[in-house]
Amino acid sequence: MHPPVNSERKIIIYQTLPRLFGNRNPACRKNGSLAENGSGKFADFTPRVLDEIRQLGVTHIWYTGIIEHATRTAYTAYGMARDHAAAVKGVAGSPYAVRDYYDVDPDLAEDVPRRMAEFEELVERTHRAGLKVIIDFVPNHVARRYHSDARPVTVSSLGQHDNTFRSFDPDNNFYYLPGQALTLHFDAGEEDFEYSEFPARATGNNCFSLHPSKDDWYDTVKLNYGVDCAGDGSCHFDPVPDTWTKMLDILLFWAGKGVDGFRCDMVEMVPVEFWRRVIPEVRATRDVCFIAEIYRPERYRDYLRGHFDFLYDKAGLYDTLRDVICGKAGAAAITRCWQSVEDIRDHMLCFLENHDEQRIASDFFAGSAEAGFPGMIVAATLHVNPLMIYFGQELGERGMDEEGYSGRDGRTTIFDYWSLESIRNWMNGGQFDGALLTGAQKTLRRAYVRLLNAVCREPAIVKGEFFDLMYVNRDSPYFNDRRQYAFLRKYGQEAILTVVNFDPAEQTVRVVIPPEAFRLLHIPDNQPATRTDLFTGEQSLGTLTEACPYEMTVPGYSGKLLKFRYGDRTENQ
């Protein structure tokens with residue numbers, strides 16, 4: 001298994017959608033075209049922008065939507081026709097309907113013929129800024145009109161040599177419904193003819209229907225990794241299926257561009273045997289990180305054995321924190337959550353927002369960014385595993401625009417040409433002076449900066465031991481285990497007491513610290529230490545003891561990170 005963490009620094013990933021990030025148009029219209037609404041570019045990630053992102057405490061940037069994908073925008077002068085409207089979600093199209101694995105999205109280029117060179121320059125700028133680059137790898141499906149004109153001449157295109165008279169063949173790249181046509185009737189009013197595909201191919205979400213529904217991934221085609229999905233489910237991995245070879249070549253191509261990691265889409269729909277074979281081969285050429293989007297906890301350990309570094313902690317910590325933030329569960333549920341993955345917790349990628357999920361501040365989630373901040377404290381400091389934030393999260397982006405295909409759903413669209421007011425105002429024409437931000441946005445961003453930089457620099461958080469304090473505070477009249485959560489982190493001569501308050505009102509709490517915490521973490525009982533509030537920077541003398549609870553006042557929708565530094569008498573851990 002690949003090492004899970006850099007022991008000197010916690011991994012913090014900043015996910016951003018370049019199509020939206022750099023777009024400065026303040027007057028986007030619903031379902032607007034590229035000409036009407038515009039698009040961000042690779043070049044918008046200037047050295048200054050990257051430095052501002054780095055100062056958040058970020059170590060990696062996940063550039064979402066880099067690879068060329070299906071779109072209604074035509075680039076016919078450059079040999080790229082638009083896709084049929086019925087086979088595209090939105091006007092810009094989904095980044096997860098890849099049209100050419102060997103090319104980049106022309107929307108993101110200032111000079112379309114130089115689009116790959118512009119991406120390579122982005123990678124170089126990102127590295128110079130001290131950051132690493134993550135891009136998507138979408139292995140399970142491709143756009144319905146997949147055709148690679150940028151592939152190396154030695155590589156055949158997907159499906160080029162398929163036997164289309166067989167529904168399944170281990171060496172086919174796609175699955176077929178032989179002798180039958182697939183038709184799509186979605187959003188095709190601008191077209192002169194219906195979309196038709198002959199022979200029909202299976203849709204990306206394992207849908208073997210001639211008429212996929214609106215709820216299916218109708219804009220994509222399922223890739224065949226040697227599993228008879230429509231038949232008996234049998235696996236045919238020897239000899240190695242052709243799709244394995246093609247996808248390994250694609251991973252090696254992007255690793256060769258200097259990419260430092262891949263966020264791999266829907267990995268549980270691709271056999272773990274594939275990952276077990278190809279990831280070591282990629283790492284033999286470059287030390288890259290592999291992140292798995294996965295939602296089935298019973299498969300977590302299988303995919304870690306398949307050489308993934310990190311797994312989405314969506315079905316665990318994300319869902320739990322969301323319920324706690326929204327008052328549907330008590331904070332004590334967080335303990336049960338981390339216990340369920342205790343043996344692999346260093347490999348769980350924590351987050352509260354990404355492109356699939358609703359914004360914390362949206363009407364569909366917490367209704368305010370502040371209400372989600374205690375959840376971010378927990379996600380960021382609970383263990384040594386990595387953390388991810390989504391662009392605009394640190395500004396309280398609400399995701400309540402009605403952009404087009406995605407509608408007003410509390411998410412930031414991945415399907416439409418759009419621009420985010422929060423990001424535009426933060427940049428303020430490259431001034432980054434906060435002049436256009438509201439007071440609440442400035443306060444929130446400062447809180448994120450303090451939290452994420454503490455996460456980066458504090459050894460007790462980066463690599464320290466953990467002790468949950470909930471079991472000894474559950475019945476205390478001075479601690480509400482539905483709205484507060486408490487734990488200790490310890491490394492060397494430093495211990496950090498974390499207390500989080502999910503309640504909107506300020507709370508005075510008394511936290512019991514049991515004898516076993518002092519013993520197991522080697523914390524000196526009832527000895528003076530230098531106490532630092534990591535949010536305010538204030539220093540004073542403080543003492544932790546098992547003799548009496550530790551009392552503190554915790555602001556509403558926030559928390560306390562209190563670092564106790566002891567003298568040389570503390571045993572070094």
**Request:** Verify whether one side chain among R322 and Q358 offers a donor that lies under 3.5 Å from an acceptor in the other.
**Result:** yes
**Message:** Quick check against the 3.5 Å criterion: does K10 have a side-chain atom that pairs as donor or acceptor with the backbone of N385?
**Reply:** yes
**Prompt:** Does I344 reach the side chain of R301, with side-chain heavy atoms less than 4.5 Å apart?
**Reply:** yes
**Message:** Could you tell me if the side chain of V227 sits less than 4.5 Å from the side chain of F237, heavy atoms only?
**Reply:** yes
**Output field: ring centroids F487/F466 closer than 6.0 Å** = yes
**Message:** For a salt bridge (Lys or Arg N to Asp or Glu O under 4.0 Å) check, start with the C-alpha distance between R283 and D309, then their side-chain angles and the critical distance, and finish with the verdict.
**Reply:** CA-CA 12 Å; R283 289 208 181 111; D309 297 289; 2.7 Å; yes
**Prompt:** Are more than 12 heavy atoms from other residues, nucleotides or ligands located less than 6.0 Å from atom CZ of R125?
**Reply:** yes
**Asked** Taking the side chain as C-beta and beyond, is there a heavy-atom pair between L108 and I66 under 4.5 Å?
**Response** yes
**Prompt:** Under the side-chain hydrogen bond (donor to acceptor under 3.5 Å, both in side chains) test, which residues partner W217, sequence neighbours left out?
**Reply:** none
**Prompt:** What about the rings of F373 and Y448, do their centers lie closer together than 6.0 Å?
**Reply:** yes
**Asked** For V138, does its backbone N or O pair with a side-chain atom of D136 as donor and acceptor, under 3.5 Å?
**Response** no
**Prompt:** Hey, does V267 have a side-chain heavy atom less than 4.5 Å from the side chain of N140?
**Reply:** no
**Asked** Any side-chain heavy atom of L420 sitting closer than 4.5 Å to one from T412?
**Response** yes
**Exam field: side chain S558 to backbone P555, donor-acceptor pair closer than 3.5 Å** = no
**Prompt:** Is a salt bridge present between R359 and E353, judged by a nitrogen-to-oxygen distance below 4.0 Å?
**Reply:** yes
**Prompt:** With distance as the sole criterion, is a donor-acceptor pair present between the side chains of E394 and Y14 under 3.5 Å?
**Reply:** yes
**Request:** Check whether any side-chain heavy atom of L561 sits under 4.5 Å from a side-chain heavy atom of F535, and report yes or no.
**Result:** yes
**Prompt:** Does F351 have its ring centroid less than 6.0 Å away from the ring centroid of Y312?
**Reply:** yes
**R565 and E494 ion-paired at < 4.0 Å** = yes
Please report, to 0.1 Å, the donor-acceptor pairs under 3.5 Å made by any side chain of residues 247-256, with sequence neighbours excluded.
| unit_1 | atom_1 | unit_2 | atom_2 | d |
| --- | --- | --- | --- | --- |
| D249 | OD2 | Y102 | OH | 2.3 |
| W254 | NE1 | Y101 | O | 2.8 |

**Prompt:** Taking NZ, NE, NH1 and NH2 as the nitrogens, is one of them in D265 or R263 under 4.0 Å from a carboxylate oxygen of the other?
**Reply:** yes
**Prompt:** Given the rule in the salt bridge (Lys or Arg N to Asp or Glu O under 4.0 Å) test, do R305 and D302 qualify, once you have shown the distances and angles that lead to the verdict?
**Reply:** CA-CA 5 Å; R305 287 190 290 269; D302 292 341; 2.6 Å; yes
**Asked** Are more than 12 heavy atoms from other residues, nucleotides or ligands located less than 6.0 Å from atom OH of Y478?
**Response** no
**Prompt:** Would E52 and R48 pass as an ion pair if we require N to O under 4.0 Å?
**Reply:** yes
**Prompt:** Has the side chain of R286 got a donor or acceptor atom that lies under 3.5 Å from a matching backbone atom of G258?
**Reply:** yes
**Request:** For salt bridge (Lys or Arg N to Asp or Glu O under 4.0 Å), just list the numbers for E268 and R299, CA-CA rounded to whole Å, side-chain angles, deciding distance to a tenth of an Å, and then say yes or no.
**Result:** CA-CA 8 Å; E268 57 204 329; R299 300 299 311 277; over 6 Å; no
**Item:** Validation row: I13, L349 side chains within 4.5 angstrom (heavy atoms)
**Value:** yes
**Asked** Rounded to the nearest 0.5 Å, how far does SG of C264 lie from CD1 of I135?
**Response** 10.0 Å
**Request:** Please confirm whether the backbone N or O of N473 pairs with a side-chain atom of D481, one donor and one acceptor, at under 3.5 Å?
**Result:** no
**Message:** If only side-chain N and O atoms count, and only distance matters, is there a donor-acceptor pair under 3.5 Å linking N501 with Q484?
**Reply:** yes
**Request:** Check whether the ring centres of F45 and Y63 lie less than 6.0 Å apart, and answer yes or no.
**Result:** yes
**Request:** For the pair R489 (side chain) and E465 (backbone), establish whether a donor and an acceptor sit closer than 3.5 Å, ignoring hydrogens and angles.
**Result:** yes
**Prompt:** Any side-chain heavy atom of Y471 within less than 4.5 Å of one from T335?
**Reply:** no
